[in-house]
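Here's the structure, in structure tokens; my notes come after.
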Amino acid sequence: MMTDAIAGLRILIVEDEAIIAMMAEDMLLELGGDVVGIETSLAAALARAGTGDFDIALLDMNLNGENSLPVAEKLRALGRPFVFTTGYGDAGRPGGFDRAPLVCKPYRTSDLAQAIIAAMAGQPAG
């Protein structure tokens with residue numbers, strides 16, 4: 001069951017739109033995840049990426065008009081799993097990250113679950 005694989009995971013949400021972050025948080029809680037924080041800016045996300053207080057991050061590709069690629073690069077360098085989230089579809093995926101799971105907005109709980117499971121296993125989603 002998908003919820004078993006996510007239960008207890010400490011999840012960081014990096015999202016600048018409050019309503020989207022709250023929706024994601026509700027879905028993740030429903031799946032048994034533990035949302036440890038929501039970062040809304042590139043600077044805050046970069047600072048948080050270096051901490052060890054989360055197991056996986058949901059990373060919005062566009063944070064207040066800034067590309068979140070530096071955060072993805074830092075997470076990858078640290079060996080920390082993450083899932084890209086975007087409203088731009090697969091075209092929003094940055095080069096060099098073709099194996100990173102990606103979830104398109106608006107989210108569906110099952111899509112988030114599959115992407116998180118894939119990221120934790122080190123595999124592309126879908």
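A donor-acceptor contact shorter than 3.5 Å links the side chain of Asn64 to the backbone of Thr40.
Across all their heavy atoms, Gly65 and Asn62 have their closest contact at N-OD1, 2.9 Å. Minimum heavy-atom separation, Ala49 to Leu78: O-CD1, 3.4 Å. The two atoms that bring Val103 and Ala115 nearest to each other are CG2-CB, 3.3 Å, heavy atoms only. Looking at every heavy atom in both residues, Ala119 comes nearest to Pro81 through O-CB, 3.6 Å.
With values rounded to the nearest 0.5 angstrom, Ile56 atom CD1 is found 9.5 Å from Phe82 atom CZ. Note: Asp55 CG to Ile6 CD1 = 12.0 Å, rounded to the nearest 0.5 Å. The CG atom of Leu75 sits 8.0 Å away from the CG atom of Leu12 when rounded to the nearest 0.5 Å. Here Leu28 contributes atom CG and Arg10 contributes atom CZ; the two are 14.5 Å apart, rounded to the nearest 0.5 Å. Of the inter-residue distances, the one linking Arg76 atom CZ with Arg99 atom CZ reads 11.5 Å to the nearest 0.5 angstrom. Remark: Ile11 CD1 to Met27 CE distance equals 12.5 Å, nearest 0.5 Å.
Here salt bridge (Lys or Arg N to Asp or Glu O under 4.0 Å) pairs that include residues 34-49, with residues two or more places apart or in two chains, are Glu39-Arg48, Arg48-Asp53.
Considering only heavy atoms from C-beta on, Leu58 comes within 4.5 Å of Leu112 through its side chain. Proximity of Val71 to Leu42: side-chain heavy atoms (C-beta onward) are separated by under 4.5 Å at one or more points.
Scored by the salt bridge (charged side-chain N to carboxylate O under 4.0 Å, His left out) test, Asp16 finds no partners at all (sequence neighbours excluded). Residues forming a side-chain contact (heavy atoms from CB on, under 4.5 Å) with Lys105 (at least two apart in sequence, or on another chain): Glu15, Ile20, Asp60, Thr85, Tyr107.
In summary, of the residues considered (Val83, Val14, Leu69), a side-chain contact (heavy atoms from CB on, under 4.5 Å) with Leu59 occurs for Val14 alone.
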